[in-house]
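Read through the structure below, which is laid out as structure tokens, and then see the notes.
Order of the sequence lines sets the chain letters (A, B, ...), proteins ahead of strands, with each chain counted from 1.
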Amino acid sequence: MPELPEVETISRFLKEGNSQQSSVLGRTIQRVDLLWERSVAEPAAAEFLVRLPGQTIAGIGRRGKYLRLDLSEDVLLFHLRMSGDLLVEPVDAPIGPHYRLLLYLDQNLRLAFHDTRKFGRVWLTQDPQHVFQNLGPEPLNPELTAADFYARLQRHHRQLKPLLMDQSFLAGLGNIYTDEALHMARLHPLAISDKLTEEQAARLLAAIRKALSEGIRRNGTSIDWVYRGGDYQRYLQVYQRTGEPCKTCGTPIERIIVGQRSTHFCPNCQPLP
DNA sequence: ACGAGCGCCTGTCGGC
DNA sequence: TGCCGACAGGCGCTCG
């Protein structure tokens, strides 16, 4: 499910609450239920379970696609991968078949890690930097300039689609927002990174930022049964629109496989150089 | 340095 | 209706 905008949305909901759910900021973990051991990346499950109770959630944030909970002693990181989600519920809400980790909090609240496909992972660590060590820059950080971005593109000889999805190049893009950003920038997904002009690189960075910030503004993208609440899917230009007319020029959207991932683009708006 | 293939998992959908 | 393959917001690992 979640790319940067969905993780950012979940992070904000956990921090600020909304009409459906309370904030978990300031809540203390009282009891932990681990329903799928392999969801824990580190430490070993036994240590994970004894270290959590008694810790208070003092801060909530995001780095790339990682969600970060700063606890009183440790840092708890979630990576939601394909199907993960975090839910704030009353302690007596029913527990469905895809719950993997339950953190029982004070005020009769429960923070639930829900993950149908079991790809998601959780880390409890005092050193989040070692988990983040291979992550590239945050695309929305203004310290990343167009000149920097152009220089980074020049350093690689790679197809744009897999390069943009490489989290060590840029942290946060996934399949949806990469396809949308490339269409917005009028660049072919197979264009080669070190062949871009400075103008094209600047356009690409601006498009990435526009797609991500629009995604955040719409609370993310909700497709199928995974992740509810956002409505950026109503504004998608190419993703999962194979054969439908391009909203800019009317040409049918094409789908190809790049790096084992479905890739959607308009052959007219995004010509291969 | 790159890209391809595969594994990890469960669920949905379309074709026959 | 039932079965079977394709496919799904990700990523780490091998192997050329």
I want to check one thing: is the phosphate of dT10(B), taken as OP1 and OP2, less than 4.0 Å away from some side-chain N or O of Lys118(A)? yes
Kindly state which residues belonging to residues 151-161 of chain A come within less than 4.0 angstrom of DNA chain B, counting heavy atoms of the residue only, listed by number. His156(A), His157(A), Arg158(A), Gln159(A)
Partners passing side chain to side chain donor-acceptor pair (under 3.5 Å) against Glu8(A) (at least two apart in sequence or in another chain): Arg12(A), Arg62(A)
Just the rounded figure in Å: distance from P of dA8(C) to CG of Asp115(A). 18 Å
Among residues at least two apart in sequence or on other chains, which ones pass salt bridge (Lys or Arg N to Asp or Glu O under 4.0 Å) with Glu143(A)? none
What distance, rounded to whole Å, do you find between the two P atoms, one in dT10(B) and one in dT1(C)? 25 Å
The criterion is salt bridge (Lys or Arg N to Asp or Glu O under 4.0 Å); which residues satisfy it with Glu47(A), sequence neighbours excluded? Arg51(A)
Can you check the Leu173(A) CG to dG10(C) C1' distance for me, whole Å? 13 Å
Starting from C1' on dA1(B), measure out to CG on Asn134(A) and report it in whole angstrom. 15 Å
What contact category does Tyr177(A) fall into here, base, sugar-phosphate, or nothing, at under 4.0 angstrom with non-hydrogen atoms? nothing
Not counting sequence neighbours, list each pair that qualifies as a ring-ring contact (aromatic ring centres under 6.0 Å, His included) and has a residue in residues 244-273 of chain A. His188(A)-Phe265(A), Tyr239(A)-His264(A)
Where at least one partner belongs to residues 30-60 of chain A, residue pairs that pass ring-ring contact (aromatic ring centres under 6.0 Å, His included), sequence neighbours excluded: none
For atom P, what is the distance between dA6(C) and dG5(B), given to the nearest Å? 14 Å
Which hydrophobic side chains are connected to Val238(A), either touching it within the sub-4.5 Å cutoff or through other members that do? Ile253(A)
From C-beta outward on Arg117(A), which listed nucleotide comes closest to its side chain: dG10(C), dC9(B), dC11(C)? dC9(B)
Please answer whether dC9(B) and Phe119(A) are stacked, defined here as ring centres separated by less than 5.5 Å and planes angled under 30°. no
Just the rounded figure in Å: distance from C1' of dG11(B) to CD1 of Ile223(A). 16 Å
Measure from NE2 on His98(A) to C1' on dC9(B) and round the result to the nearest Å. 10 Å
May I have the distance from Gln240(A) (atom CD) to dT12(B) (atom P), rounded to whole angstrom? 15 Å
Answer whether the closest heavy-atom distance between the side chains of His183(A) and Arg241(A) falls below 4.5 Å. no
Distance in angstrom units between Leu80(A) CG and dC11(C) C1', rounded: 13 Å
Determine the Euclidean distance between corresponding P atoms of dC9(B) and dC7(C); express it in Å to zero decimal places. 22 Å
Within 45 degrees of the ring normal and closer than 6.0 Å to the centroid, is that where the cationic atom of Arg218(A) sits relative to Tyr235(A)? yes
Quickly work out the Met165(A) CE to dA8(C) P distance and round it to whole Å. 11 Å
With pairs defined as Watson-Crick or G-U wobble and both distances under 3.5 angstrom, please note down DNA chain B as a dot-bracket string, | for pairing with another strand. .|||||||.|||||||
Can you tell me if the side-chain N/O atoms of Arg38(A) get under 4.0 Å from OP1 or OP2 in dC9(B)? yes
Which ILVMFWY residues are connected to Ile257(A), directly or by a chain of links, through side-chain heavy atoms under 4.5 Å apart? none
Using a strict heavy-atom distance below 4.0 Å, which residues from residues 253-266 of chain A are in contact with DNA chain C? Arg255(A), Arg261(A), Ser262(A)
Report the hydrophobic cluster partners of Trp123(A), with the cluster defined as I, L, V, M, F, W, Y residues connected by side-chain heavy atoms closer than 4.5 angstrom, directly or transitively. Tyr66(A), Val75(A), Leu77(A), Val131(A), Phe132(A), Leu135(A)
Quick test of your reading: applying side chain to side chain donor-acceptor pair (under 3.5 Å), list the pairs with at least one residue in residues 90-104 of chain A, sequence neighbours left out, ordered by first then second residue. Glu89(A)-Tyr99(A)
Any side-chain heavy-atom pair from Ile60(A) and Ile57(A) closer than 4.5 angstrom? yes
